[in-house]
Peer 1: 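Mind having a look at this structure? Questions to follow.
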Amino acid sequence: MTALYDTIGVDYARLRRPDPRIAARIAEALGPAETVLNVGAGAGSYEPEGRRVTAVEPSAEMIRQRAPSDATVVQGFAEDLPFDDASFDAAMAVLTIHHWRDPARGLAEMRRVTRGPIVILTYDPAFRDFWLLDYVPGLAALDEVQMPPLARFQDWLGPVEISAVEIPHDCRDGFLAAYWRRPEAYLDPRLRAAMSSFRALGDVSREMARLNADLASGAWDARLGALRSREALDCGYRLVVAPAM
Ligand SMILES: C[S@@+](CC[C@H](N)C(=O)[O-])C[C@H]1O[C@@H](n2cnc3c(N)ncnc32)[C@H](O)[C@@H]1O
């Protein structure tokens, strides 16, 4: 299995820094866990401080971009976790599950090695109330193919609590919806390059030309300008928490 993020990951750590408000939501959901497994860890974003973290990540390029930390890093895949049963107090997987070849198996593995809660940050593929999807309809089509429907998490993990994670207007993490109040940012190919969905779509020059024209003419602001005074917005991101077994 190749690691897609060996190519997407170049420059990842600079553009995809953890946002402290989202980090606080994840840390709270992890509860009092002292040992935490981070699956699909990327460059280490959102790993909680003050706990013993073990990171699992398939891409050598992403591992190379980790900041120095005390975390133990293992190169590997969610679907085959090299740990004994019930090894960790809690586990997390942030914006990664849609990349897994077999999410059912990956989550079963997380459940097997984790005593306490499992915390997943993901995206609701049924969510449509985000203006970027109007400009780039291919994004919604892609989400339907790659993002697990929220209902599947209960099938895979048993009872789960699902809550919205609103995205702050100045979100530090450059994921797909991060720039909802900074629409001009989507015109920058370097920012789009850190978003796997734009990578998957390929050429979006027509879509970006339309956005550029609407921003220049004032059409974007006429329709969506009220967003420019919002502090945070629900763009479809969801925290899925499976309690301790
Ligand atoms: C969007 S990045 C998220 C990284 C990190 N969790 C973060 O929030 O910045 C998705 C990560 O999932 C990893 N990944 C892809 N397939 C995986 C698999 N089967 N098991 C574990 N991680 C995987 C990729 O290599 C990549 O680092």
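Note that these values count all heavy atoms, side chains included, but never hydrogens, waters or copies made by symmetry. As the structure is a prediction and not an experimental result, all values here were calculated from the model. Read the numbers this way: they start at 1 and go in the same order the structure lists the ligands and their atoms. Start at 1 with the first residue, then count along the sequence.
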Peer 1: Using ring pair (Phe, Tyr, Trp, His ring centres under 6.0 Å), reason through Tyr186 and Trp180 one step at a time and then give a plain yes or no.
Peer 2: CA-CA 9 Å; Tyr186 292 104; Trp180 61 267; over 10 Å; no
Peer 1: As an exercise, identify every atom of ligand 1 less than 4.0 angstrom from a heavy atom of Val94.
Peer 2: 3 (C), 5 (C), 6 (N), 8 (O)
Peer 1: Of the listed options (Met62, Arg101, His98, Glu79), which comes nearest to atom 19 (N) of ligand 1 when hydrogens are ignored and any heavy atom counts?
Peer 2: Glu79
Peer 1: Among Leu37, Val73, Leu81, find the one that has a side-chain contact (heavy atoms from CB on, under 4.5 Å) with Thr54.
Peer 2: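 Result for side-chain contact (heavy atoms from CB on, under 4.5 Å) with Thr54: Leu37.
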Peer 1: What class does the angle between the rings of Tyr123 and Tyr237 fall in, given that below 30° is parallel, 30 to 60° is tilted and above 60° is perpendicular?
Peer 2: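 Because their plane-to-plane angle is over 60°, the rings of Tyr123 and Tyr237 count as perpendicular.
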Peer 1: Heavy-atom distances under 4.0 Å decide this one: backbone, side chain, both or neither, for Ser196 against ligand 1?
Peer 2: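 Within the 4.0 Å criterion, Ser196 makes no contact with ligand 1.
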Peer 1: Have Asp173 and Tyr46 got a donor and an acceptor in their side chains that come within less than 3.5 Å?
Peer 2: yes
Peer 1: Side chain or backbone of Ser45 under 4.0 Å from ligand 1, or both, or neither, by non-hydrogen atoms?
Peer 2: side chain
Peer 1: Which atoms of ligand 1 have any heavy atom of Pro58 under 4.0 Å away?
Peer 2: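 What qualifies from ligand 1 is 14 (N), 17 (C), 21 (C), 22 (N), 23 (C), 25 (O).
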Peer 1: Does Tyr135 have Arg210 sitting over its ring (NZ/CZ under 6.0 Å from centre, angle to axis within 45°)?
Peer 2: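 The answer is yes; both the distance and angle limits are met.
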Peer 1: Applying a 4.0 Å heavy-atom criterion (strictly less than), which segment of His99 is in contact with ligand 1: side chain, backbone, both, or neither?
Peer 2: both
Peer 1: Find all atoms of ligand 1 within a distance of less than 4.0 Å from any non-hydrogen atom belonging to Leu95, and give their numbers and elements.
Peer 2: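 This gives 1 (C), 2 (S), 3 (C), 10 (C) as the contact atoms.
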